[in-house]
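Chain letters run A, B, ... following the sequence lines, proteins first, then strands; residues in each count from 1. For the numbers below, each heavy atom of this structure counts, side chains included, while hydrogens, waters and symmetry mates do not.
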Protein chains: 2
Amino acid sequence: MERPGTWQAIRAEALRRMRAGDWPPGERIPDEAELAAEFGCARATVNRALRDLAEAGLLERKRKGGTRVPLTPVRKATFEIAIIRRDVEGRGQRHGYRLIEDALRPPPEAVRTALGWEGGAMRHVTALHLADDRPFVLEDRWLNPALVPADRVRFETVSANEWLVRNIPYSSGDIGFLARPADASAARWLGCDAGAALLAIERTTRSEAGPITFVRLSYAPGHRMEAML
Amino acid sequence: MERPGTWQAIRAEALRRMRAGDWPPGERIPDEAELAAEFGCARATVNRALRDLAEAGLLERKRKGGTRVPLTPVRKATFEIAIIRRDVEGRGQRHGYRLIEDALRPPPEAVRTALGWEGGAMRHVTALHLADDRPFVLEDRWLNPALVPADRVRFETVSANEWLVRNIPYSSGDIGFLARPADASAARWLGCDAGAALLAIERTTRSEAGPITFVRLSYAPGHRMEAML
DNA sequence: TGGCTCATTATGTCTATACTTATTCTCGAG
DNA sequence: CTCGAGAATAAGTATAGACATAATGAGCCA
């Protein structure tokens, strides 16, 4: 347990009151000044605790309106998105990598719209990541050839996944999860039947210099992503 | 843009320096006192900005060790987990609900282990959620009959999803994402072919009084969950 | 009634200061 | 040369006070 008077202790007590029904859903709770007086601490400490709960979706706070327990809380689940090699190694397995294709191709319409790509051909890189020699995830990536030219950046030994994180870090983008049936190519590389249900992550990455990449990571059947609540 | 001297402005400037390469991956950045002097603000303000970046996985901070830019940042993607009705309504569609089954059954082994269930039969509730009269998600739930007795709590009109959020809020649990092929039942209710790839969320919920529920939400084919980076 | 302004209010944020704590570094003993 | 005690360091946190800001609501005027 935390020592009393710390913001963690106040957060825990607030949570307890919500669970116990002292602060029922929909109700407004005492304001920061009152709670600070009750707990015998500074208002900033109460603010820290309640702000933390609000960020997790467990409280709703509005200036002047006060703080209330939401009727239907919108909880937040967070995934840790590491590079694939670290993901595999974090499971205590050996990471393997195999480049399948690296060629210039006209991107499909879905990729064009997702990235807002106006130009012609993009660099299409396909690769397989292995965990203890078994297929783990299929990486299907479209790269802006102006930002990642094929004659200067090679992906034979280092995956595009890893290269991008190291060299074009901290860019913005979207991320989405979906399920898709394995097509012939995915089935072949992942060693499953065509049509098998695959968990996939699609991500677009942009910088100020323009679109960087669209990638779809298709995990081998049975893969499960754990999130923290 | 933020006015200078605010913690958001400092966070933005720190991000800019990382992107620009002023603070390259692996490097240690100036400590809080130095940055506070540079930006002409209090150390607490710098702390707020850097703590925020660290929470997002964009910085690594250690006492005495200082703050450094991670070599391979572990970014965090967060999903908003709302109750299904709100999810549907948030898309501007009409939410529909239909109870399929509500019966006492011995739970399958996977459910027993996920919940740590020692007893016999559990309450098995299956229901379909609709968006504009089209199948949206199939809810397959196992409930602790001691905590949610069938003779007192009915799910004909209010989904278990919603009832639980309102009545047993703020409990702890795990959440995981996976892809699974539609079985005969799922195919029938979701109106898709058997074997179709479904995005599913599995969640276990526990309270101090014991396990509450295990639920698997299987989304209709094509569903995509967007996360925020 | 409708809409405008202005005071009120609770949260949001910043400051200066102090103390705490985890971690690293150093230096001396064995 | 290794190990362990203790010093040094940078982040973590708490505090009192102040001001900023976004809602709300009251009162006024048309």
(message) How many whole angstroms separate atom CZ of A/Phe39 from atom C1' of D/dA14?
(response) 16 Å
(message) Taking the nucleotide of DNA chain D with the nearest heavy atom to each, does B/Gly66 or B/Ala44 sit closer to the 5' end?
(response) B/Gly66
(request) Mind jotting down which residue pairs meet the ring pair (Phe, Tyr, Trp, His ring centres under 6.0 Å) criterion with at least one end in residues 45-85 of chain B? Sequence neighbours excluded, please. (result) A/Phe79-B/Phe79, A/Phe177-B/Phe79, B/Phe79-B/Phe177
(message) For DNA chain D, which residues of residues 47-55 of chain A approach it to below 4.0 angstrom with any heavy atom?
(response) A/Arg48
Under 4.0 Å between any heavy atoms, over every strand shown, what does [X] touch: base, sugar-phosphate, or nothing? Just pick one.
X: A/Arg68; value: nothing
X: A/Gly65; value: nothing
X: B/Glu34; value: nothing
X: B/Glu60; value: nothing

(message) If you compare all heavy atoms of A/Arg28 against all heavy atoms of A/Lys64, which two are closest, and at what distance to 0.1 Å?
(response) NH2-O, 4.1 Å
(request) Could you pick out which residue, A/Lys64 or A/Arg61, lies toward the 5' side of DNA chain C when each is mapped onto its nearest nucleotide? (result) A/Lys64
(message) For a side-chain contact (heavy atoms from CB on, under 4.5 Å) check, start with the C-alpha distance between A/Asp22 and A/Glu13, then their side-chain angles and the critical distance, and finish with the verdict.
(response) CA-CA 11 Å; A/Asp22 299 343; A/Glu13 172 61 14; 5.8 Å; no
(message) Counting distance alone, no hydrogens or angles: does the base of C/dT13 have a donor or acceptor under 3.5 Å from a partner atom on the side chain of A/Arg43?
(response) yes
